[in-house]
Amino acid sequence: MKVIVTKDYAEMSAAAAELVAKQINDKPDCVLGLATGSTPEGMYAELIKGYEAGKIDFAAVRSVNLDEYYPIKPDNDQSYRYFMNTKLFDHVNIDKANTNVPNGLAEDAAAEGARYDKIIADLGGIDLQILGIGQNGHIGFNEPDTELVAGTHLADLTEDTIKVNSRFFASVDEVPKQAFSMGIGSIFCARNIIIMASGANKHAAVAKMLEGNITTLCPATLLNLHPNVTLICDEAAYNG
Ligand code: PGA
């Protein structure tokens, strides 16, 4: 795993945006795997700046998002579809028909998982996947467990994750208890992966991943099996 340590969140965001911009410039119709949450917000802001400055053209870019709460309507302001629209897609020249987020209203979870993995396969896989890391080491909503699911699936959120994510909701009771998530196999369809982390509260998970051992009890450690992963994290996440 390649490791880039930045001074702070702003530098982490700029470093990640630079690699995404390079990917788009190298292959204008690339497939980006995108993530939501606090971590990538600054990177999206940098990408918007790059677009506005005429340095990045999203016209041919395709995207697949990592996950979506269930059940949730796409226009709910807590949905990840809403997040992507408001934090990136509405501000750049991407064709929304080329953007994919799991369907938070799908009635048949198995069919939705299969549909989503077929989208990834039909796109020819993901060129560059962006990931955050949970304090518990989750990637997407692949939560620590004795077994992990390979494909896109409906996942039960752990109590830890519900508590951590409640900061975005009026109360902890409003946090959905399930989400569709790409599985580890779906994520490993990516030719290149960037995992980002900021803040001392991510240090334990980052340190566990960097130890190099593999355990499904810290799903991010599986990234040690992938040949092209770059960790971009700030000093607080790296040093604690
Ligand atoms: P965060 O979430 O970016 O909001 O910290 C990351 C994650 O849980 O994967």
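All ligand and atom numbering here is 1-based and tracks the order in the structure.
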With sequence neighbours excluded, give me every salt bridge (Lys or Arg N to Asp or Glu O under 4.0 Å) pair touching residues 114-139.
-> Lys27-Asp127, Glu112-Arg115, Lys118-Asp122, Asp127-Arg191
Does the side chain of Asp57 come under 3.5 Å of the side chain of Asn93 through a donor N or O and an acceptor N or O?
-> yes
For the rings on Phe180 and His153, is their centre-to-centre separation under 6.0 Å?
-> no
Could you pull out every protein residue that has a heavy atom closer than 4.0 Å to ligand 1, ordered by chain and then number?
-> Gly37, Ser38, Thr39, Gly132, Ile133, Gly134, His138, Arg167, Lys202
Please determine if Lys96 and Asp90 form a salt bridge, counting it only when a charged side-chain N lies under 4.0 Å from a carboxylate O.
-> yes
Donor-acceptor list for residues 206-215 side chains, cut-off 3.5 Å, not counting sequence neighbours:
{"from": "Lys208", "atom 1": "NZ", "to": "Glu211", "atom 2": "OE1", "distance (Å)": "3.3"}
{"from": "Thr215", "atom 1": "OG1", "to": "Leu217", "atom 2": "N", "distance (Å)": "2.9"}

Enumerate donor-acceptor pairs with a distance under 3.5 Å from any side-chain N or O in residues 31-39 to protein atoms, sequence neighbours excluded.
{"from": "Ser38", "atom 1": "OG", "to": "Arg167", "atom 2": "NH2", "distance (Å)": "2.6"}

